[in-house]
K.L.:
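A single structure is presented below for examination.
Proteins come first, then strands; the chains are lettered A, B, ... in the order of their sequence lines, and each starts at number 1. Values below: every heavy atom of this structure, side chains too, minus hydrogens, waters and symmetry copies.
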Amino acid sequence: MLEAISEFGNVAQSSTGGTLTDPSAAAALAVGLAALGAGYAERGIGSAAVGAMAEDESLFVNGLILTVLPETIVILALVVVFIV
Amino acid sequence: MSAAGSSNPEYVVARVRARRGSLYGDEEYRKLVRMSPPEIARFMEESTYEAEINALGSRHGGVDLIEYALNANLADQFEAILDWSEGRVYDLVVRYLRKFDAWNVKTVIRGIYTDADTEDVEVDLIRAGSFDDRRIQRLLEADSIEAVVEILEDTIYGEPLEAAYADFQEADVLVPLENAVDRAFYDHLLGSLGGDEPTRQYERFLKAEVDFRNARNALRLARSGADLDPADYFIEGGELFDRATLSRLAANLDELVTYIADSTYGDDLGDALRELEEADSLIAFEHATDAALLTYGDRLGTIHPVSVTPIISYILAKEREVENIRAIARGKEAGLGSDEIESELVIQ
């Protein structure tokens, strides 16, 4: 996960010709990073949710909702795409 | 499953917290205290112990059934925790659960020493440690202590046991072997922990446990009037006592309690220690230290919700529940009154 981020940074830096000065490229990067963050958050929540469900099946709905909550970050990041 | 890979505290903590909810509370204990052993067994059958009571119901009865069902359930639950845990979490949890390995090894050795039936030994084992069924089976089938030492060769008990075996052959008493097992357990309990903040807290908790164990052992020795030096039974690793202070304090309960209250535990364990100060008997002292440890574990579990500490806190609470139910069942069998039994229970 963390290695992926630094790799991401490397790619962003090494792309010469000012790719990141292009607004839509920067927006795409923002969405991508937000998705990465959401994925990391969901990893923890998801495994806890599955653990709770294994003990008590009635927790399925709660677990599902809590697991996808970090997705809102990605949706908010998507707003940026429409603004630029 | 194993110590390899990344750790998954979230998953284990979620499961353990759910199970914690189904532990017996005040209400259940109050009911249990008023029941006879068969009623207790029935009550257990209707709660989390259903599978064990049903499985053992045909072979055992009365208080024995309760006792074996408790052991089986304890083993089951702890084995499950080890199954779920991976990586660092497994390493930390197994350190604590190895005490059941130590218990099993000692039980097997004692069984062989006294020529007990394999079946009798088997029911006394608590299969909650890190040994798998195959190793336990081999231990049960071992017909001499030498064979036991050989089976444990590749475990942490291998070397210490081998070293102690010579002493055993010389003197023909079990003390060196049992000491070797205990020492191996405590050496690995605190060895090379390191790591992040929750782990350091966990280490402090383990040290507290060692400290209280030391205090308890010293008191027991002092009370028993036996001419034994508490320093010989001292367990390394705690931070409160060293050999000399322990021997000095063991003679006087008040001084010992004041010493603990003035120590670093005083701040954390205020209420429990006040109870400890009021404790006049050895049993009350032991119960107070148990309750203090439980409170300590719970506190840690709340401070670091996603770490090993809530898991340990559950393990402690479960052990306590098993001991409480056992105390109720045994107390009923011995014909104790409700009040007396209640005084035997450690309820937070």
K.L.:
Answer yes or no: are there more than 12 heavy-atom neighbours, outside B:E39 itself, under 6.0 Å from its atom CD?
P.N.:
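Yes, enclosed.
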
K.L.:
How long is the straight-line distance from OG of A:S47 back to CD of B:E86, given to the nearest 0.5 Å?
P.N.:
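Nearest 0.5 Å value for the CD-OG distance: 10.0 Å.
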
K.L.:
Please find the pair of heavy atoms, one from A:G51 and one from B:R15, that lie closest to each other, and give the distance.
P.N.:
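The answer is O-CG, 3.2 Å.
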
K.L.:
Identify whether the distance between the nearest side-chain nitrogen and carboxylate oxygen of A:R43 and B:E10 falls below 4.0 Å.
P.N.:
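Judged by the 4.0 Å cut-off on N to carboxylate O distance, A:R43 and B:E10 do form a salt bridge.
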
K.L.:
Between A:A52 and B:A14, what is the shortest heavy-atom contact and its length?
P.N.:
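Taking every non-hydrogen atom into account, N-CB, 3.8 Å.
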
K.L.:
Does atom CD (B:E46) have a neighbourhood of more than 12 heavy atoms from anything else shown, all under 6.0 Å?
P.N.:
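Counting other residues, nucleotides and ligands, CD of B:E46 exceeds 12 neighbours.
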
